[in-house]
Amino acid sequence: MTISERVPPVEVPLLSATAQMTLLGHDLRAAALDIAGGLRLVSHEGLNQDTRTQLERVRASGEILARLMEEGLSMMLGDDALRIATHPTNVHLGQLIYDVDMRWSGRARENGLEFRLAVGPEVPQVLALDRIALERVLSNLLSNAMTYSDHGMVGLDVDMLPSGDLCIAVTDQGPGFSPEAMARLFEYGGGPSAISKPGRGLGMHITRTMAARLGGTISVANRPEGGARVTLVLPPESWIRPVVAEKTAPLPDLSHCKILVADDCATNRTIIGQMLAQMGAGVEIAQDGLAAMERLESQHFDLALIDIEMPGILGTEVIRTLRARNCRNAQIPVIAITAHVLRAHHQVIFAAGADEVLTKPLAGLESFGLSVAAILRRRNTSADNGAKADPLTAACDGLDQLLRTAGPDVGDALLDQLCVDLRSAEHALIAGLADNSIPMVKSCSHVLIALAGAVGARSLQALATRLNTSAHRRETSGFANLGRETLGQLRRLITFVAEEKIRYGAG
């Protein structure tokens, strides 16, 4: 009996503005990440220098756009969990300066200007700060300098002050700030009224706000020789991560493990291979996605570490293909390795079937060893205990976290709404599959991605993501099987949430 014979079609439920924004945000983030990731994979071989520079310029701007979009959507939706990229992270100064150069040197040439970068020898190579806030400061200062300068040079200097503070300064040879501009410099919309250049006076307001977020101060001065100098000063406590004493854990014994390491960078392969070898593991190397698939199909492994951005076949495709095939390694634990820190990017990787995501550069040997051991232990525990292997175990943890956040006054209403939303999604999915309706399947699978992600039902989220991807690609041939599997997981989650509601009410 087919799905259409069992259940009549129903109308797709209308979504709230917040839900629609969530869905739109999902697609916007995915598109921005695809652009940035695709540009990273473009081979520069055979291209002239100007073309390579322009590609790097677009890549650097695309990655900044993705980070800004992540923050903007999180603020609109009130989702602090999205704001991973706005927390202090290790910013590698060399990569940051390179990206700044790639983004702004072309802009300077277009404006007939020279762009100069200088970094002092004592500046640390790694800064623990909010990268988005710093990028927004630099973007606004450099944009202003290049907009208001008709000739000469724009410079960016990064150096250490005798006080131990980090100093970042942007200088230009333009007209400088007028008395009117100085009087309203940091006000919202405080730009001078009579000026021929574009702009609404928002850049310096944003700059001061971001400087405060970084824990620093911003100062502005006109230079005696002409032009202006805007300086961001960051005290050490704003960019040095406090060192917390931790007990040193013994390295795990991996002498019984055979591990595949797939990465197109020889240096990364060597580093990861040496760390695993120190823990006793047997290591097999693959230098691209195709080689990784060949080894996974022909040899047995206990664990695979897969780089995401590899030429030929992306790491996500390697993982997704592995999980879909009936081969000996289909269910082995997989750790994905990526340079991206955005939550949206990690969601795509988890949806492909990864057990864990580690961000480059990898932590030290001890932290790396603990991560590997935790994944192996989690998989072994699931294999030994049928109940613990249930994919709803993670949902239980996720739902408990939601209820703790909501508090007792809101928790019951939250569970009511979650039950309603899940059942509406179930009815809509049944109707969409019965009618083979691509728009309907797109809509309800998007809702399911958000709902499953909210409670930590990773298995359902992965299935809904695959279904949504098939709908976008109009690959309806696999709808029936994938749809039935998704419905099965959805119904289990509905039952689980209903039981949780009873338990919560009794408590």
Side-chain angles (χ1 to χ4, degrees), residues 53-54 56-58 60-61 63-65 67-68 91 93 96-120 123 129 131-159 161 165-214 216-234:
T53 300
Q54 290 304 321
E56 284 294 273
R57 175 187 180 185
V58 176
S61 297
E63 292 183 355
I64 292 173
L65 173 64
R67 286 190 285 269
L68 288 171
V91 176
L93 185 65
L96 175 67
I97 293 299
Y98 174 78
D99 285 347
V100 169
D101 189 23
M102 290 300 100
R103 183 182 182 191
W104 293 100
S105 58
R107 169 85 171 268
R109 286 196 300 273
E110 291 166 5
N111 290 9
L113 302 169
E114 179 187 352
F115 183 45
R116 178 186 57 78
L117 276 164
V119 179
V123 177
L129 44 70
R131 176 162 180 158
I132 282 185
L134 180 58
E135 285 175 336
R136 292 181 70 180
V137 170
L138 295 177
S139 293
N140 280 286
L141 294 185
L142 290 171
S143 178
N144 280 349
M146 293 185 187
T147 297
Y148 291 99
S149 298
D150 294 323
H151 65 276
M153 179 183 67
V154 171
L156 173 64
D157 296 275
V158 184
D159 212 340
L161 298 178
D165 295 341
L166 179 68
C167 178
I168 302 173
V170 173
T171 56
D172 64 63
Q173 295 178 331
F177 291 91
S178 68
E180 181 188 359
M182 282 287 194
R184 304 179 57 203
L185 195 58
F186 296 115
E187 294 179 13
Y188 179 85
S193 54
I195 191 168
S196 60
K197 298 288 186 179
R200 295 184 293 167
L202 300 179
M204 294 305 296
H205 176 77
I206 294 171
T207 296
R208 186 177 65 171
T209 303
M210 293 300 106
R213 193 163 110 181
L214 286 163
T217 57
I218 199 84
S219 61
V220 179
N222 286 327
R223 303 164 68 205
E225 63 272 31
R229 177 183 176 90
V230 184
T231 305
L232 171 68
V233 175
L234 298 171

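Since this is a predicted model, take the numbers as computed values, not measurements. The residues of the chain are indexed from 1 along the displayed sequence.
Closest non-hydrogen pair, L166 versus V123, comes out as CD1-CG1, 4.0 Å. The nearest pair of heavy atoms linking A211 to I218 is CB-CB, 4.3 Å.
Side-chain contact check for N222 versus M182: some heavy-atom pair is nearer than 4.5 Å. Using a 4.5 Å heavy-atom threshold, the side chains of L134 and M210 count as separate. By the 4.5 Å heavy-atom criterion applied to side chains, L232 and L214 are counted as neighbours. Using a 4.5 Å heavy-atom cutoff, the side chains of I132 and R213 are in contact. Looking at heavy atoms from C-beta onward, T147 lies in side-chain contact with R107 at the 4.5 angstrom threshold. Counting heavy atoms from C-beta on, the side chains of R136 and T209 never come closer than 4.5 Å.
Atom OG1 of T207 is separated from atom CG of N140 by 4.5 Å, given to the nearest 0.5 angstrom. For the atom pair OG (S139) and CH2 (W104), the distance works out to 5.0 Å, reported to the nearest 0.5 Å.
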Which atom pairs, one a donor and one an acceptor, fall under 3.5 Å between side chains of residues 109-116 and the rest of the protein, sequence neighbours left out?
unit_1	atom_1	unit_2	atom_2	d
E110	OE2	R57	NH1	2.7
N111	ND2	M146	O	3.1
R116	NH1	D157	OD1	3.0
R116	NH2	D157	OD2	3.2

Could you pull out all donor-acceptor pairs under 3.5 Å where a side-chain atom in residues 168-177 meets a protein atom, sequence neighbours excluded?
unit_1	atom_1	unit_2	atom_2	d
D172	OD1	G174	N	2.9
D172	OD1	A228	N	3.2
Q173	OE1	M153	N	3.0

- D159 and V119: CA distance, side-chain angles, deciding distance, side-chain contact (heavy atoms from CB on, under 4.5 Å) verdict: CA-CA 6 Å; D159 212 340; V119 179; over 6 Å; no
- Task: Decide side-chain contact (heavy atoms from CB on, under 4.5 Å) for R208 and T217; before the verdict, give the C-alpha distance in whole Å, the side-chain angles of both, and the deciding distance to 0.1 Å.
- Result: CA-CA 8 Å; R208 186 177 65 171; T217 57; over 6 Å; no
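Qualifying salt bridge (charged side-chain N to carboxylate O under 4.0 Å, His left out) partners for D165, counting only residues two or more places apart in sequence or in other chains: none. For the side chain to side chain contact (heavy atoms under 4.5 Å, CB included) test, residues two or more places apart in sequence or in another chain that qualify with S219 are T231.
The backbone N or O of I97 lies less than 3.5 Å from no partner atom in the side chain of D101, so there is not a single donor-acceptor pair.
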